[in-house]
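Heads up: the structure comes next, in structure tokens.
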Amino acid sequence: MNAAVRTQVAIVGAGPAGLVLSHLLAEAGIASVVIDSRSREEIESTIRAGILEQGTVDLLAGIPGSRVHSVGSRHDGIELRFDGAGHRIDFTGLAGRSVWLFPQHEALRDLIAARVASGQDLRFGWTATAIEGADGERPRVIATDDAGGALAIEADFVVGADGSRSVVRRAISGSHDGFFREYPFGWFGILCEAPPSADELIYSNSPDGFALISQRSPTVQRMYFQCDPDADADAMSDAQIWDALQTRVPGHALIEGPIFQRDVLRLRSFVARTLRQGRLAIVGDAAHTVPPTGAKGMNLAVADVVLLARALEELLLRSDAHLIDAWADAALDRIWKAQHFSWWMTSMLHVAPGATEFDRRRQLGELRTVASSEAGRTYLAEGYTGWPLG
Ligand code: PHB
């Protein structure tokens with residue numbers, strides 16, 4: 001049951017970063033093998049957020065069969081709420097760009113279908129266990145499957161798009177070597193059957209904490225409210241959840257409906273110290289985590305691999321190491337901007353446990369500064385809709 005395959009780029013992880021990378025490499029004529037420990041069904045059914053920047057949408061729209069324009073919906077702004085009133089941040093007017101709401105699992109379904117249709121070597125149910133030859137010209141990914149099979153993928157380059165518990169990161173720099181922050185609050189998230197409570201997403205600050213009113217479709221809505229990171233998602237009744245949400249969006253009546261999923265998310269920021277070493281690199285959640293308040297996660301993953309694909313093209317097709325040597329710094333430039341934006345949105349909107357009356361009034365001063373000044377609103381609009389890739 002031991003098998004060995006040889007390819008140009010071995011990609012560990014079939015999430016947005018790994019699949020978009022394999023697509024971009026194939027377009028450049030570079031072969032890759034993609035493995036993921038999960039099944040195709042699991043990847044396609046895990047519901048995750050999906051606010052896509054214009055650049056991400058343009059890239060996805062160019063992939064055959066993409067439904068980003070038909071299933072996704074364009075959002076030209078958000079509402080920032082505080083002190084009981086809403087303030088629209090007009091993305092198109094302020095930054096000349098929009099975002100799209102297209103849930104990540106829908107994007108993944110499209111990407112997997114497109115990769116399979118074009119003959120991509122894509123293997124589900126294979127768990128990478130080690131990276132061998134990390135210092136040489138021919139690194140190898142060692143993987144196993146549930147049936148006791150073993151696979152060695154020898155490649156010119158190995159990319160870890162394998163999420164926050166990345167095996168490739170461990171081979172580069174040790175598993176947690178990097179810059180880390182854990183926030184003293186989490187998000188209690190629900191999915192419910194109801195029409196949208198508003199046309200656009202609402203990011204609301206209130207004396208009781210933050211709430212986000214998001215959407216999934218005309219009949220399913222996603223909402224979150226700030227909670228203890230150790231909260232038990234099953235400990236609240238539906239009525240208590242609606243009360244918590246409504247209290248955090250004062251002045252705007254939410255449309256309630258049956259809640260069919262609930263979860264508690266922890267909020268973290270992380271950037272790995274080393275993104276590349278020799279012929280290994282990490283991208284997406286393997287390289288960084290952002291709190292969800294800035295809606296940056298998937299966009300940052302796509303930006304990493306757009307830059308990496310260009311660098312691998314130079315390296316593997318023209319033996320030019322110029323771009324790969326500059327890649328980590330180029331990626332980190334955007335990653336730290338997104339880290340700052342996500343941290344800023346998070347701290348501006350949440351109420352930290354133990355916040356004093358000074359903290360609270362200062363925060364309202366900040367929110368009023370942003371909402372009342374065109375420069376403030378433009379800063380938010382530019383960060384949220386994403387910086388051009390250059
Ligand atoms: C979501 O719809 O799940 C969502 C939207 C915007 C965010 C975070 C999550 O900033």
Side-chain angles (χ1 to χ4, degrees), residues 15-21 23-24 27 48-80 88-111 114 161 196 198-203 212 214-217 222 283-285 288 290-310 330-342 344-345 370 374-390:
L19 292 168
V20 170
L21 180 63
H23 162 76
L24 294 172
E27 280 203 319
R48 296 185 63 183
I51 291 286
L52 307 184
E53 297 170 2
Q54 192 67 54
T56 307
V57 171
D58 294 346
L59 194 160
L60 293 181
I63 298 176
S66 172
R67 296 166 301 139
V68 64
H69 285 145
S70 56
V71 173
S73 55
R74 200 182 80 215
H75 285 244
D76 293 334
I78 55 167
E79 181 175 290
L80 195 62
R88 180 157 194 262
I89 309 294
D90 171 11
F91 293 160
T92 38
L94 294 162
R97 300 188 289 272
S98 307
V99 295
W100 287 68
L101 184 75
F102 186 49
Q104 185 167 312
H105 64 282
E106 301 285 1
L108 288 168
R109 277 175 53 197
D110 287 0
L111 282 162
D199 290 341
E200 295 179 338
L201 271 58
I202 303 175
Y203 286 78
L212 169 60
S214 182
Q215 313 170 357
R216 279 296 172 271
S217 72
R222 181 75 161 143
V283 293
D285 288 352
H288 41 72
V290 284
T293 328
K296 283 277 151 276
M298 181 168 160
N299 299 292
L300 214 45
V302 169
D304 290 346
V305 301
V306 166
L307 295 174
L308 184 60
R310 289 181 199 153
L332 283 166
D333 181 71
R334 189 186 188 87
I335 291 165
W336 278 111
K337 281 161 80 174
Q339 283 294 352
H340 170 70
F341 181 74
S342 306
W344 175 66
M345 286 284 280
V370 171
E374 183 166 332
R377 292 193 303 275
T378 304
Y379 177 75
L380 199 164
E382 285 181 350
Y384 197 96
T385 58
W387 310 278
L389 263 171

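Below, each value reflects all heavy atoms present in this structure, side chains not excepted, and no hydrogens, waters or symmetry copies.
For the residue pair T56 and N299, a side-chain donor N or O sits within less than 3.5 Å of a side-chain acceptor on the partner.
Here the closest non-hydrogen pair linking A114 and I63 is CB-CG2, 3.5 Å. Of all heavy-atom pairs spanning A301 and H288, the tightest one is N-CE1, 4.3 Å. Of all heavy-atom pairs between D304 and G284, the closest is OD2-N, 2.9 Å. When all heavy atoms of A17 and A161 are compared, the pair lying nearest together is CB-CB, 4.0 Å. Here the shortest heavy-atom pairing between L24 and A309 reads CB-CB, 3.7 Å. Heavy-atom minimum distance, W344 versus V370: CZ2-CG2, 3.7 Å.
Here the OG1-CD1 distance, from T385 to I89, works out to 12.0 Å after rounding to the nearest 0.5 Å. Note that CG of L21 is 11.5 Å distant from CG of L307, once rounded to the nearest 0.5 Å.
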Can L389 and R334 be said to form a side chain to side chain contact (heavy atoms under 4.5 Å, CB included), step by step?
-> CA-CA 9 Å; L389 263 171; R334 189 186 188 87; 3.9 Å; yes
Could you go step by step and tell me if D333 and W387 meet the side chain to side chain contact (heavy atoms under 4.5 Å, CB included) rule?
-> CA-CA 11 Å; D333 181 71; W387 310 278; over 6 Å; no
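Counting only heavy atoms from C-beta outward, the side chains of D90 and R377 never approach each other to under 4.5 Å. The shortest distance between side-chain heavy atoms of L52 and V302 does not fall below 4.5 Å. Using a 4.5 Å heavy-atom threshold, the side chains of S342 and T293 count as separate. Side-chain atoms of V99 and F91, non-hydrogen and from C-beta on, do get closer than 4.5 Å to each other. Put simply, the side chain of V305 does not reach to within 4.5 Å of the side chain of P16, judged on heavy atoms. With contacts defined as side-chain heavy-atom distances shorter than 4.5 Å, the pair Y203/L380 does not qualify. D110 is not listed as a side-chain neighbour of V68, based on a closest heavy-atom distance of 4.5 Å or more. Residues L59 and V306 have side chains in contact (heavy-atom distance under 4.5 Å, counting atoms from C-beta outward).
Counting heavy-atom neighbours within 6.0 Å of R88 CZ, excluding the residue itself, gives a total above 12. Counting heavy-atom neighbours within 6.0 Å of R67 CZ, excluding the residue itself, gives a total above 12. Atom CG of D199 has 12 or fewer neighbouring heavy atoms from other residues, nucleotides or ligands inside a 6.0 Å radius.
The backbone N or O of G386 lies less than 3.5 Å from no partner atom in the side chain of Q54, so there is not a single donor-acceptor pair. Proximity of a side-chain donor or acceptor of K296 to a complementary backbone N or O of I335 within less than 3.5 Å is not detected.
In this structure, the side chain to side chain contact (heavy atoms under 4.5 Å, CB included) partners of T378, at least two apart in sequence or on a different chain, are L94, E374, E382.
Between E53 and R97 no salt bridge is recorded (no basic side-chain N to carboxylate O distance below 4.0 Å).
Each of Q215, R222, R74 was evaluated against L101; a single residue qualifies, Q215, per the side-chain contact (heavy atoms from CB on, under 4.5 Å) test. Tested against F341, the residues K337, Q339, M345 include a single side-chain contact (heavy atoms from CB on, under 4.5 Å) partner, M345.
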